[in-house]
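Predicted, not measured: the structure shown is a model, and the values here were computed from it.
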Amino acid sequence: MSGTTAPRSTRDRSWWGWGWADAHPDDAECGALGALVPGTLARPLPVPEVADLHIGRPAVRAPRSLAPLVTYDPRPRAAHAMGKAYRDVARALRGRPGRIPDLVAHPTRDRHVADLLEWAAEREVAVIPYGGGSSVVGGVEYRGQAHRAVLSLDLTAMDRILEIDTVGRAARIQAGILGPALEARLRPHGLTLRHFPQSFEFSTLGGWLATRAGGHYATVRTHIDDFTQSLSVVTPAGTSTSWRLPASGAGPSPDSLFLGSEGSLGVITEAWMRLQERPRYKASASVSFADLHAALPAVRALAQSDLAPANCRLLDPGEAALSGAARDGRAVLVLGFESATAPVDERLGQALDLARAHGGRPAPDPADSAAPEDSAVGAWRSAFLRMPYLRDGLARMGAVAETFETATTWDRLPALIDAVRQEVGAAALKATGHPAMVNCRLTHVYPDGAAPYFTVIAGGRPGDEVAVWDDLKAVASDVLHRHRATITHHHAVGRDHRPHYDLQRPDPFALALHAVKQALDPQGILNPGVLVGD
């Protein structure tokens, strides 16, 4: 099969915040959210309008041959100026979105991308590859001064599934396709990529590949790397297309060079991706524990078993209350199993037995066919999808809402969690004068460690919210580095994590990365400041 094009939505995306413009909390809901956080504003900040921004004339104009691909209109330029981190939302609310691109391009084929890169190199134009724009680490904005102009290279017009190999269960897919459209085109074939990050609705295959994104599934195949068969990448030095193979031992993998490169070495334009049959059997349940630390041995035992739950999310009492999964001061473990070939009730039962052996309390009994879906599971699922919108509502009330994730080994995990809670909480109190909520959940678990994900909510300093965010980010990053936890598990490096990424990577690897950057992008036009360079 070839040439299937993804359907497009007619809803409007928010230019300044997360998701759909019509899904944001209204003023009343914002006020209710603000009432839960000490030190917030009396009334919400107004929704920002593009017309209120100062958007200057473009510093360059594309040549006639490229003119059909580009736009200079203010709204798309503003929407492409930044990602969707709290820092980005807070700046937009205050009318300070940062450097706005001079033009936005929408290529539809590899040749367009190559031509745009060639022109940009000749004219000293920085090129920022852009997928769904869901970056929360400063990955899609320009912060430098060295380039005369900025081009946002939006790949979402490259949204076709070019081939589907149903025998080998793989597909050749253009990088600009959004998550829902990708799954919609695979569904008639009974296949799925099975990669569902929280940003799924608003992120692209190319973005997942460029950031080594983690998906929803908590064990075994947790990252997009696991599904990647081969890549096609357009660089200023030429196009790199790796062979489609089930496996290879022929030297370092060429795909590994570009996975996680965040548009700094080349533009991923298409990929062969490994697919799976769509699951037909599913089962889920929740288990409560006295607190998060009491649950860690049970989660570790599950990760080290061969049960391979699709969902194994541990919520501390604060996170459980925030999501509505529990309000009794206990931690909650959300478990889920799925399969395309066989019922999974037995595996769920074994997991619950294991959790009971470690002091867990399952509810309700999944063997009771009359029992409704576990209310904790349903509440968590709803909150998981709604949370980014609520964060933007809190931002409108002047609150600071930060999230960050990491990964470390089981032996280091308890001390790391305690240190983050204590030190980030203290920093928030010092910065704002109000106590902060610092919650933790485990999003992914492995036999040798886990990925804790932290949520920090605090009252801000009116007009100075970004500075507070920067302070908290610095403190959190220092804690992670001191405990030898990675600066990011699945949110990429971008510009916000760059200082601590430089400390984490080995020096010889840094030398090699700089050399690759110079070889593939000698003019330094691709996403300057990400991973390498200034």
Side-chain angles (χ1 to χ4, degrees), residues 166 169-171 179-180 182-201 203 205 208 213-228 273-287 298-315 323 325 332-356 360 362-369 371-385 441-447 450-451 453 490:
T166 56
R169 292 199 311 196
L182 170 58
E183 288 296 326
R185 302 313 302 165
L186 296 176
R187 188 173 294 109
H189 304 274
L191 297 172
T192 176
L193 181 59
R194 196 181 179 267
H195 184 77
F196 301 103
Q198 189 176 29
S199 63
F200 171 76
E201 192 175 8
S203 54
L205 172 63
W208 302 339
H216 166 75
Y217 292 93
T219 66
V220 189
R221 293 180 173 181
T222 61
H223 278 66
I224 197 65
D225 313 38
D226 301 316
F227 305 106
T228 304
M273 303 300 297
R274 299 182 177 95
L275 307 177
Q276 303 172 62
E277 292 182 46
R278 298 184 69 81
R280 294 189 294 148
Y281 304 95
K282 296 183 180 183
S284 60
S286 68
V287 186
V299 177
R300 177 167 55 84
L302 282 165
Q304 293 175 346
S305 74
D306 60 358
L307 295 174
N311 197 6
C312 188
R313 303 226 172 189
L314 176 61
L315 318 178
S323 67
V332 174
L333 173 62
V334 179
L335 286 171
F337 289 83
E338 62 179 44
S339 171
T341 58
V344 294
D345 302 272
E346 183 177 353
R347 284 163 58 198
L348 176 60
Q350 292 173 340
L352 293 176
D353 288 342
L354 192 154
R356 284 191 192 94
D365 185 352
D368 180 2
S369 59
E373 179 187 46
D374 188 326
S375 60
V377 175
W380 169 81
R381 185 181 298 118
S382 297
F384 180 75
L385 297 174
R441 65 182 186 266
L442 301 188
T443 61
H444 301 75
V445 295
Y446 306 93
Y453 190 112
H490 59 262

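- Thr228 approaches Arg274 most closely through the heavy-atom pair O-NH1, 2.6 Å.
- Between Pro309 and Thr219, the shortest heavy-atom distance links the atoms O-OG1, 2.6 Å.
- Phe200 and Trp208 have parallel rings, their planes meeting at less than 30° on a 0 to 90° scale where 60° marks the start of perpendicular.
- Between atom CZ of residue Phe196 and atom CD of residue Glu201 there is a gap of 12.5 Å, rounded to the nearest 0.5 Å.
- Atom-to-atom distance recorded for Leu191:CG and Glu183:CD is 9.5 Å, nearest 0.5 angstrom.
- Checking side-chain atoms of Glu338 against main-chain N and O of Pro279 turns up no donor-acceptor pair under 3.5 Å.
- A donor-acceptor pair is defined here as one N or O able to donate and one able to accept, closer than 3.5 Å; such a pair exists between the side chain of Arg347 and the backbone of Leu307.
- In this structure, Ala303 and Pro447 approach most closely via the heavy-atom pair O-CG, 3.7 Å.
- Across all their heavy atoms, Gln276 and Leu193 have their closest contact at NE2-O, 3.9 Å.
- Looking at heavy atoms from C-beta onward, Ser339 lies out of side-chain contact with Arg280 at the 4.5 angstrom threshold.
- The two atoms that bring Val299 and Cys312 nearest to each other are CG1-SG, 4.2 Å, heavy atoms only.
- Geometric assessment of Arg194 against the ring of Phe227 yields a negative cation-pi assignment under the 6.0 Å and 45° thresholds.
- For the 3.5 Å distance criterion, the side chains of Glu277 and Thr341 fail to qualify, holding no donor opposite an acceptor.
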Problem - Full working for side chain to side chain contact (heavy atoms under 4.5 Å, CB included) between Leu315 and Ser323 - result: CA-CA 9 Å; Leu315 318 178; Ser323 67; 3.8 Å; yes
Handout entry: Trace of the side chain to side chain contact (heavy atoms under 4.5 Å, CB included) decision for Leu352 with Leu335
Key = CA-CA 9 Å; Leu352 293 176; Leu335 286 171; 4.1 Å; yes
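- A 6.0 Å sphere centred on CD of Glu346 holds no more than 12 heavy atoms belonging to other residues, nucleotides or ligands.
- With hydrogens and angles ignored, the 3.5 Å screen pairs no side-chain donor or acceptor of Arg169 with any backbone N or O of Thr192.
- Taking the centre of each ring, His223 and His195 stay at or above the 6.0 Å mark.
- Of the possible donor and acceptor atoms, none in the side chain of Ser286 sits under 3.5 Å from a partner among the backbone N and O of Leu333.
- Taking Tyr446 as the reference, His489 meet the ring-ring contact (aromatic ring centres under 6.0 Å, His included) condition, with sequence neighbours excluded.
- No side-chain heavy atom of His216 sits less than 4.5 Å from a side-chain heavy atom of Gln198.
- When atom types are taken as modelled, the side chain of Thr222 and the backbone of Ala218 share no donor-acceptor pair closer than 3.5 angstrom.
- Residues Ala301 and Leu354 come closest through the heavy atom pair CB-CD2, 3.4 Å.
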